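By convention in this document, chain letters (A, B, ...) are assigned in the order of the sequence lines, proteins followed by strands, and residues within each chain are numbered from 1. In this text the structure is predicted, and so the values were computed from the model without any measurement.
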Amino acid sequence: MALKLTIIGAGPGGYVAAIRAAQKGAQVTIVEDDEVGGTCLNRGCIPTKTLIASAEALEHARRASEFGVEISGEVGYNLAKIRERKDKVVSLQVKGIRSLFKSWGITLIIGRGSILSPDVVRAVQRDGATQDIKSGKIIIATGSKPARMPVFPFDGESVLTSDDAVQMKSVPKSLLIVGAGVIGCEFAFIYRAFGAEVTMVEMLPQALSTEDDEISAIIERELKKAKIRLLTNVKVEKTERIADGMMLSKLADGREIKTEKILVSIGRSMNSKNIGLEALGVRTGTRGEIMVNDKMETNVPGVYAIGDVVGTMMLAHVASHQGLVAAENALGGDVRMDYTVIPAGIFTMPEAGSVGLREKQALENGLKIKVGRFAYRGLGKAHAMGEITGMVKVISDQETDKVLGVHICGAHATDMIHEGALAIQRGVTATELGSLIHAHPTLSEAVMEAAEDVHGMAIHAPKSSS
Amino acid sequence: MNPDDIKYHRDHAWVRVEGKRATIGITDYAQHQLGDIVYVDLPEAETEVDAESELSEIESTKATSPVVSPVSGTVVEVNEDLADSPEIINDDPYGNGWLIVVEMSDPSEVEDLMTKDEYEKFVKEEQEK
């Protein structure tokens, strides 16, 4: 008899687990509260990328004369059409997942899932209809939501979370973004491109503090170039509504910022409440994250957890991989999650991609390293494209020469990063990476040059004076 | 032509002194080396700058280079025109392409800087290296 597997949550973790388990012969039921695809597809990765695509099209049109292209009249945009395009892209992907479910015989129930016992999941549909699903194994993939702090009077109109901002209902004349992490920076470039005056407030000393310092520095400069104001080392203490529908935010250092809207992007909190964890005795951590081992097992046998709700790395592709691991193990396999090679992309303008160790992290770990760099402006292709901002940075072990980290900022960085991921995973040395023939003319040549630069051998870089 | 009423720093910045006020820019040689300038990252007014420390970063189609401050003091004026037209530096490095004005905290620092002739000799030597 086929194993009965029930998954709560159909985001990039849950739906991938569902398909893999069905491929392996399980009888799968997936319970989703909202829409398949989760935050990633409905409120995150995909809708923001369609907005960025519109913003980039606008920027290209504004720069048309640089390329000898003449556009008569003023370049403008139509917000309704931008939203329409975004919704179309999202709904196409949603349909795609639903049809994959159908083809693999996966039962989708739209309703709120909770665990009654280690072998029963209850789904409560919108109309109140309740269904108890008998399950051999359970995977929790309930995800996360934007973190809220009481100092911000969220209303979805003037004080927004990323869930609201992605709807792009209007472009305010002025926008304060609280938190200059990945989400804050992506929205800063989007709203700026559409004409908002953007100010960012970050309590840490720099924007994108999880990235390599040199990558953060480039993005900070690009924020400046885009005339986005970034205030660091300071917190917002209070926000209140004042006359004319404006919002007044008071900073800890006494400064006041008046804006039409505020976007709060200060992290995400786990959806681990009201899903039956307490009664079942599933262990959670201080942030509300479900505790799991590297097989994605919780402390309750037969109950697995994956994705944002386990709080390891809140990335869609990490959730998906955890889903594969959980599905395999639920079906009797023995596979483990390995976090050493996780590429990640940031869709700022320009983009950033990273994998492996940051320079600071490597030094903190006591590693002896060598660093190679190559600037985009050293590439013919970058000049041809009119995208000369950016760099590739390769970090390698001083003794073994093995690549430990690759960091890219610049056009197509998020696509180029995977060469670095493969290099790290396969234990490739900087010398080997630099000796691989790279097609000309491409931006990827910068990866080759940066790898060669680890040993001072980049062809298109002047002799270093040191 | 390099003017002779200004002082030069070996990292290719220049200073024009009027009382305690020092206008700072980069030399013609520097702008030539950089090529087409696409962006200048300037400090805000009221920022303190120290002699021999980085006061700005200039980005050209060839490189991103720091500008080292020849003197110490407080920034009192910033050339706002450079935000939209950084190429002014290429066109007029000693005039409209100035970067900032500093209220000097130690005007004697100017004495350590080079004259036009000394700077030209210095550049020549550097090129021959």
Side-chain angles (χ1 to χ4, degrees), chain A residues 62-63 65-67 192 197 199 206-207 213-233 253 255 349-350 373-393 409-411 446 449 453 458 460-466, chain B residues 9-13 26 29-49 52-68 75 78-91 97 99-100 122-129:
Chain A
R62 284 174 181 150
R63 290 176 58 194
S65 66
E66 251 179 70
F67 297 85
R192 180 69 194 128
E197 295 272 346
T199 304
Q206 62 189 19
D213 286 348
E214 287 181 78
I215 302 300
S216 313
I218 295 175
I219 293 297
E220 284 191 358
R221 191 177 321 126
E222 292 307 307
L223 288 169
K224 244 187 196 180
K225 275 190 204 171
K227 299 193 167 68
I228 294 165
R229 202 163 135 227
L230 170 68
L231 309 175
T232 53
N233 281 317
D253 61 7
R255 273 184 284 191
M349 295 160 78
R373 299 175 180 84
F374 195 79
Y376 270 48
R377 65 192 76 231
L379 298 171
K381 180 66 179 290
H383 284 271
M385 291 167 66
E387 300 281 353
I388 60 167
T389 298
M391 74 177 296
V392 175
K393 177 171 174 176
C409 185
E449 298 258 9
D453 186 56
H460 296 92
K463 189 177 170 187
S464 155
S465 52
S466 57
Chain B
H9 182 264
R10 65 177 180 290
D11 285 322
H12 311 290
I26 65 165
Y29 173 74
Q31 71 80 15
H32 259 295
Q33 292 294 104
L34 282 165
D36 292 339
I37 292 170
V38 293
Y39 179 68
V40 189
D41 187 5
L42 292 174
E44 285 173 28
E46 290 173 43
T47 312
E48 300 286 325
V49 297
E52 305 300 328
S53 69
E54 183 179 322
L55 74 81
S56 149
E57 252 187 333
I58 295 188
E59 227 182 287
S60 73
T61 53
K62 279 200 264 177
T64 302
S65 301
V67 178
V68 174
V75 178
V78 176
N79 188 351
E80 305 288 353
D81 294 341
L82 298 180
D84 290 322
S85 313
E87 68 280 1
I88 303 173
I89 300 174
N90 291 117
D91 300 338
L99 304 178
I100 55 169
F122 168 77
V123 167
K124 213 172 150 214
E125 281 168 9
E126 208 167 61
Q127 281 171 317
E128 283 163 4
K129 253 189 216 170

Open item on the list: As a quick check of understanding, evaluate side-chain contact (heavy atoms from CB on, under 4.5 Å) for B:Asp41 and A:Glu220, giving each step before the final call.
Closed with: CA-CA 11 Å; B:Asp41 187 5; A:Glu220 284 191 358; over 6 Å; no
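- Around CD of B:Glu46, the count of heavy atoms belonging to other residues, nucleotides or ligands within 6.0 Å does not exceed 12.
- Of all heavy-atom pairs between B:Leu42 and A:Lys224, the closest is O-NZ, 4.2 Å.
- Heavy-atom contacts from other residues, nucleotides or ligands closer than 6.0 Å to CD of A:Glu197 number 12 or fewer.
- The two residues B:Thr61 and A:Ile388 make their nearest non-hydrogen contact at CA-CD1, 3.7 Å.
- For B:His9, the ring pair (Phe, Tyr, Trp, His ring centres under 6.0 Å) test picks out no residue, with sequence neighbours left out.
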